[in-house]
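Below: the structure, in structure tokens.
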Amino acid sequence: FQAYSPASATAAGANIVYGSTYANIGSHYNTSTGIFTAPIAGRYLFSASCLFNASAGSYHRLDFRVNGGISHTYGDSLENQNGPSYSSGVISNILNLSANDTVQMHNGGNVTTYGSSYGHFSGILIG
């Protein structure tokens, strides 16, 4: 699947919902909830990006949530600026999933996402 366009600005500590898809074979990514459900067991490659509203001393963090829990893999970037700007976060990882496991993106930083067409969430079964 390839999802894009975060549905709205996402608060710190909340899950990010990408509201549109380019490809969603089997409809395993839900554009309403932002949750991908693995159709079969295997190794999946995931990647994601998002634009954040950064400010002085802020940081952003993207993380994959597997079955609602953190997978201990982060895409971190610390912003230490003198004024407001935007920053982007990017993350990728290979996850071993069982059938019906779920994966979603989470805003683990202390800033909101920009909430527009900037960003994507994708996954593919690799074996």
Side-chain angles (χ1 to χ4, degrees):
F1 73 96
Q2 171 81 30
Y4 66 98
S5 190
S8 63
T10 304
N15 294 320
I16 302 169
V17 177
Y18 296 82
S20 301
T21 59
Y22 288 119
N24 193 7
I25 298 168
S27 299
H28 300 292
Y29 176 79
N30 185 315
T31 56
S32 297
T33 64
I35 296 173
F36 167 78
T37 303
I40 62 171
R43 293 174 40 196
Y44 291 79
L45 171 62
F46 291 95
S47 69
S49 65
C50 198
L51 187 63
F52 293 88
N53 289 316
S55 60
S58 68
Y59 71 96
H60 69 255
R61 171 180 283 162
L62 282 174
D63 59 74
F64 294 110
R65 294 288 166 120
V66 178
N67 296 325
I70 195 162
S71 71
H72 303 290
T73 302
Y74 300 99
D76 289 324
S77 180
L78 182 64
E79 294 297 324
N80 189 10
Q81 300 179 16
N82 292 325
S85 71
Y86 301 104
S87 63
S88 61
V90 179
I91 186 173
S92 63
N93 199 2
I94 295 172
L95 299 174
N96 293 313
L97 301 178
S98 298
N100 297 313
D101 278 353
T102 61
V103 179
Q104 61 193 130
M105 292 310 307
H106 183 259
N107 177 3
N110 67 358
V111 295
T112 62
T113 64
Y114 185 71
S116 70
S117 61
Y118 302 108
H120 82 282
F121 178 32
S122 63
I124 186 169
L125 175 65
I126 57 174

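Quick note: residue numbers are just sequence positions, from 1.
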Separation of [Y] [atom2] from [X] [atom1] (nearest 0.5 Å):
{"X": "T102", "Y": "R65", "atom1": "OG1", "atom2": "CZ", "result": "11.5 Å"}
{"X": "C50", "Y": "I16", "atom1": "SG", "atom2": "CD1", "result": "4.0 Å"}
{"X": "M105", "Y": "L62", "atom1": "CE", "atom2": "CG", "result": "4.5 Å"}
{"X": "F64", "Y": "I91", "atom1": "CZ", "atom2": "CD1", "result": "4.5 Å"}

Taking the ring of Y18 and the ring of Y29, is the distance between their centroids below 6.0 Å?
no
Between H28 and P39, which heavy-atom pair has the shortest distance, and what is it?
CE1-CB, 3.3 Å
Could you tell me whether a side-chain N or O of [X] sits under 3.5 Å from a main-chain N or O of [Y], the two making a donor and an acceptor?
{"X": "D101", "Y": "S98", "value": "yes"}
{"X": "N30", "Y": "S32", "value": "yes"}
{"X": "T113", "Y": "T10", "value": "yes"}

Can you name the side chain to side chain contact (heavy atoms under 4.5 Å, CB included) partners of I25, sequence neighbours left out?
none
Partner of L45 by side-chain contact (heavy atoms from CB on, under 4.5 Å), out of I94, L95, N93
I94
Considering only heavy atoms from C-beta outward, does the side chain of V66 approach that of L97 to under 4.5 Å?
yes
Quick one: side chain to side chain donor-acceptor pair (under 3.5 Å) partners of N100, sequence neighbours excluded?
none
Is there a continuous path of hydrophobic side-chain contacts, each under 4.5 Å between heavy atoms, that joins F1 to I40?
yes
Treat each ILVMFWY residue as a node, draw an edge where side-chain heavy atoms are under 4.5 Å apart, and state whether I35 and F46 are in one component.
no
Identify all side-chain donor-acceptor contacts of residues 119-127 below 3.5 Å with residues at least two apart in sequence or on another chain.
| residue | atom | partner | partner atom | Å |
| --- | --- | --- | --- | --- |
| H120 | ND1 | S49 | OG | 2.9 |
| H120 | NE2 | S47 | OG | 3.0 |
| S122 | OG | S47 | OG | 2.9 |

Pair V103-Y44, side chain to side chain contact (heavy atoms under 4.5 Å, CB included): steps then yes or no:
CA-CA 10 Å; V103 179; Y44 291 79; over 6 Å; no
Candidate pair T21 and T31, rule side chain to side chain contact (heavy atoms under 4.5 Å, CB included), full reasoning:
CA-CA 8 Å; T21 59; T31 56; 3.7 Å; yes
Using a strict 4.0 Å threshold on nitrogen-to-oxygen distance, state whether R61 and D63 make a salt bridge.
no
